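When a residue number appears, it is its place in the shown sequence, counting from 1. As the structure is a prediction and not an experimental result, all values here were calculated from the model.
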Amino acid sequence: MMRGFAYVMAALIAVVIMVVVAGTPKDSTQPANANPTESSVSFASQVLEDEGSLTLSVPEMHCAVMCYPKVQKLLEANESVEKVELAAQKEEGMIDNHAVIVHYKPGFDVGHAIGLLEKEGFAKSSIAETP
């Protein structure tokens, strides 16, 4: 009986440690409350002169509950971004099309936005190819 209790406690402690480690910022040189748009992300700059919209492919965006809102908030923190919306999906609540549509004003730096996405764990993000 006592051994079973010890195993359960060990499992609970392991879960707590995993949650704490997973929540730790990846870059310890940047404060946790720093604004990611103010960080120095070094990707090729591609500043768009006119307003418009473009589709960004975000392959690591897997869920509509956590991933998409994080991508949306990150991109909308840019003053040149008016709105970010999830591309059309086959099934509501599921992400089968890993793309977002970014509506932007003149001066939007695509390279910087992609760099921010990659820095936050959305690797391989890029401008989506049009068919």
Side-chain angles (χ1 to χ4, degrees):
M1 175 82 174
M2 193 66 170
R3 187 181 312 181
F5 178 74
Y7 287 137
V8 170
M9 290 304 296
L12 287 173
I13 291 170
V15 169
V16 169
I17 290 171
M18 288 188 315
V19 169
V20 169
V21 169
T24 304
K26 294 177 184 132
D27 182 8
S28 61
T29 60
Q30 181 177 339
N33 62 350
N35 185 346
T37 59
E38 295 173 0
S39 65
S40 60
V41 177
S42 58
F43 286 85
S45 191
Q46 183 180 351
V47 178
L48 303 176
E49 300 290 324
D50 299 322
E51 68 179 42
S53 63
L54 66 90
T55 303
L56 292 179
S57 172
V58 187
E60 270 72 27
M61 181 178 63
H62 297 292
C63 67
V65 177
M66 299 277 292
C67 295
Y68 167 63
K70 185 175 181 179
V71 168
Q72 182 182 32
K73 182 178 179 181
L74 183 67
L75 293 172
E76 287 180 349
N78 183 322
E79 63 185 33
S80 296
V81 173
E82 292 180 328
K83 179 173 75 167
V84 175
E85 57 188 324
L86 188 60
Q89 305 295 313
K90 292 179 186 171
E91 185 179 335
E92 187 175 332
M94 302 294 293
I95 295 205
D96 49 45
N97 179 1
H98 305 273
V100 293
I101 302 164
V102 180
H103 302 276
Y104 58 87
K105 301 179 211 172
F108 176 59
D109 188 338
V110 180
H112 183 74
I114 290 172
L116 289 173
L117 288 171
E118 289 186 2
K119 184 175 181 185
E120 290 298 315
F122 298 100
K124 302 177 189 166
S125 295
S126 63
I127 298 174
E129 295 182 24
T130 54

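For the atom pair NZ of Lys83 and NE2 of His103, the computed distance is 4.5 Å after rounding to the nearest 0.5 Å. In this structure, CG in Leu75 is found 9.5 Å from CZ in Phe122, a value given to the nearest 0.5 Å. Atoms OG1 and CD1, from Thr55 and Ile127 in turn, are 10.0 Å apart once rounded to the nearest 0.5 Å. The CG atom of Leu117 lies 14.5 Å from the NZ atom of Lys124; values are rounded to the nearest 0.5 Å. Distance SG/Cys63 to NZ/Lys70: 10.0 Å, rounded to 0.5 Å.
Scanning all heavy atoms of the two residues, the minimum distance from Ile114 to Ser125 falls at CG2-O, 3.2 Å. Listed here is the closest heavy atom pair of Pro69 and Ala64: CD-O, 3.4 Å. The two atoms that bring Glu118 and Ala123 nearest to each other are CG-CA, 4.0 Å, heavy atoms only. In plain terms, the two heavy atoms of Leu86 and Met61 that are nearest each other are CD1-CE, 3.7 Å. What you find for Ile95 and Gln89 is that their closest heavy atoms are CA-OE1, 3.2 Å.
At distances below 3.5 Å, at least one donor-acceptor pair connects side-chain atoms of Glu76 with backbone N or O atoms of Val84. Of the possible donor and acceptor atoms, none in the side chain of Gln46 sits under 3.5 Å from a partner among the backbone N and O of Gly111. Using a distance-only test at 3.5 Å, with no hydrogens or angles considered, a donor-acceptor pair links the side chain of Asp96 to the main chain of Lys90.
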Full working for side-chain contact (heavy atoms from CB on, under 4.5 Å) between Asn78 and Val102: CA-CA 11 Å; Asn78 183 322; Val102 180; over 6 Å; no
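By the 4.5 Å heavy-atom criterion applied to side chains, Glu51 and Pro106 are counted as neighbours.
Cluster membership check: Ile101 does not share its hydrophobic cluster with Val81, using side-chain heavy-atom separations under 4.5 Å among Ile, Leu, Val, Met, Phe, Trp and Tyr.
Listed by first then second residue, pairs satisfying ring-ring contact (aromatic ring centres under 6.0 Å, His included) with a partner in residues 49-71 read His62-His98, not counting sequence neighbours.
Considering only residues two or more places apart in sequence or on other chains, Tyr104 meets the ring-ring contact (aromatic ring centres under 6.0 Å, His included) condition with Phe108.
Heavy-atom contacts from other residues, nucleotides or ligands closer than 6.0 Å to NZ of Lys105 number more than 12.
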